[in-house]
There are 2 protein chains.
Amino acid sequence: MALGKDYATQECSIARALEVVGERWTLLVVRDALYGVRRYNDFLVHLGIPRAVLAARLQALTAEGILEKRRYQQSPPRDEYVLTERGIALWPTLRALGLWGRRHFGEAQLRYFRHAACGTELGPYGECALCGTVVPVEDVLMEPGPGLDPHPADPVGRVLLKPKRLLEPLETEPA
Amino acid sequence: MALGKDYATQECSIARALEVVGERWTLLVVRDALYGVRRYNDFLVHLGIPRAVLAARLQALTAEGILEKRRYQQSPPRDEYVLTERGIALWPTLRALGLWGRRHFGEAQLRYFRHAACGTELGPYGECALCGTVVPVEDVLMEPGPGLDPHPADPVGRVLLKPKRLLEPLETEPA
DNA sequence: ACTGAAGGTTCGGTCACCGAACCAAGGTGT
DNA sequence: ACACCTTGGTTCGGTGACCGAACCTTCAGT
């Protein structure tokens, strides 16, 4: 966990995973990256995370091969953080966690996740019941649900109100 | 998260879930509970967790309705902590997290999870390919794999070397 | 009365997290 | 040329979570 003490005595893949993504904020950064957030400032305003913590998480996730830092313009030099295959592979975990949270602690449907090809809402394991396949992350269409605040304070939240595919980068909005 | 600051600005089931199970050690306690650990001392020696932290986690998980504290003998009064339905529902999350951890950071197979009825190893979503059904947690048989240390230092680890079903309580071994 | 096991609580130290302030590089406006 | 803005950070002091170790309580057995 890169915390004071690791889970040294644990011989367990779950503990290994938590060492990497178990710290505070880490999974929410990955979630935002799945939603298409790529830039430091967008993570910052959407998560409400302290700047220093965000910088540390981005660096750690990059070091672990979950995010990749990529120059997207030369002048002025700007980098974005994009999920690697290893990071994308966290989608089933986040999906399971989100379903559990909604079922047991939240009532309202905040977002729908559909198979982009046919519009069918995904099953609990990210599968499309109609097509009978597990839907690849980039073919998942995310739409706002009835429980979602229609007027979020932060601009990133507003951009995320529009239906879009996972991983598809945020359209940078005009200031 | 019951941490200094919660994920207040997040309107998201994942954030809600992490508020409940996102703290250090929490998911490992739930994992152990799935493995059949029920008693304070067994959690303690198996996790190597500080006593105060364990007490806090058990209390918080009980308050959230994930564990249930249950008197299992009157004299001396002894309580055990058992997963509720809400706690058992975390199995898919832990399964996904464990698979991710093994695939991306650990090599060896530490434990097998099989459908007790037919012996088939579970698929990524806890389904039995042979029977074509999602296997209920209590029908999952856990067996040690080749990567697991055959002589763990702690007694609970030794008991967990024996194949057993999830949720089935540990056989208390003689001192 | 003494000992031991189970299940905690207390305590002082360290380290992660917090918000706010500051910094730097590269445009942009005037 | 100069001020100012945007982006992406780093630094800093304060708070609180986590750490190991020690201590405490209840009850059983002898």
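Remember, it's a predicted structure, so these values are computed and weren't measured experimentally. Letters A, B, ... mirror the listed sequences (proteins, then strands); counts begin at 1.
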Considering only [options], which nucleotide approaches the side chain of [X] most closely?
X: B:V53; options: C:dC18, D:dT7, D:dC18; result: D:dC18
X: A:N41; options: C:dT9, C:dG7, D:dT7; result: D:dT7
X: A:P50; options: C:dG19, D:dG9, D:dG8; result: C:dG19
X: B:R78; options: C:dC17, C:dA5, D:dT10; result: C:dA5

Please give me every residue in residues 57-68 of chain A whose heavy atoms get under 4.0 Å of an atom in DNA chain D, ordered by residue number. none
Looking only at non-hydrogen atoms, find the nearest pair between A:A33 and A:L167 and report the distance. O-CD2, 4.3 Å
Gap separating the [atom1] atom of [X] from the [atom2] atom of [Y], nearest 0.5 angstrom:
X: B:Y72; Y: B:R38; atom1: OH; atom2: CZ; result: 10.5 Å
X: A:I14; Y: B:W100; atom1: CD1; atom2: CH2; result: 13.0 Å
X: A:I66; Y: A:L58; atom1: CD1; atom2: CG; result: 11.5 Å
X: B:E143; Y: B:L110; atom1: CD; atom2: CG; result: 14.0 Å

Give a yes/no answer on whether the side chain of A:K69 brings an N or O atom under 4.0 Å of OP1 or OP2 in D:dG8. no
To the nearest Å, give me how far apart [atom1] ([X]) and [atom2] ([N]) are.
X: B:L44; N: D:dG20; atom1: CG; atom2: P; answer: 10 Å
X: A:R71; N: C:dG26; atom1: CZ; atom2: P; answer: 10 Å
X: B:D79; N: D:dT25; atom1: CG; atom2: P; answer: 19 Å
X: A:L28; N: C:dC17; atom1: CG; atom2: C1'; answer: 15 Å
X: A:L54; N: D:dT7; atom1: CG; atom2: P; answer: 14 Å
X: B:H46; N: C:dG7; atom1: NE2; atom2: C1'; answer: 19 Å
X: B:D42; N: C:dG8; atom1: CG; atom2: P; answer: 13 Å
X: B:R24; N: D:dG20; atom1: CZ; atom2: P; answer: 9 Å

Are any non-hydrogen side-chain atoms of A:H115 and A:C131 less than 4.5 angstrom apart? yes
N-O pairing of B:K69 and B:E80 below 4.0 Å: no
With a 4.0 Å cut-off, would you call B:R165 and B:E138 a salt bridge? no
Look at the aromatic rings of A:Y125 and B:Y125 and report parallel, tilted or perpendicular, splitting at 30° and 60°. parallel
Begin from the C-alpha positions of A:E85 and B:R103 and carry the test salt bridge (Lys or Arg N to Asp or Glu O under 4.0 Å) through to its verdict. CA-CA 12 Å; A:E85 185 240 337; B:R103 174 138 164 55; 3.6 Å; yes
Could you tell me whether B:A56 contacts a base, only the sugar-phosphate backbone, or nothing, with contacts defined as non-hydrogen atoms closer than 4.0 Å? nothing
Any base atoms under 4.0 Å from A:Y81, or only sugar-phosphate, or nothing? Heavy atoms, all strands. sugar-phosphate
Strictly under 3.5 Å: I want the nitrogen or oxygen pairs between protein and nucleotides 27-30 of chain C, one per line.
residue, atom, partner, partner atom, Å
C:dG27, OP1, A:S75, O, 3.3
C:dG27, OP1, A:S75, OG, 2.5
C:dG27, OP1, A:P76, N, 3.0
C:dG27, OP2, A:S75, OG, 2.9

So does A:R51 reach the base of D:dG8 with its side chain, donor to acceptor, closer than 3.5 Å? yes
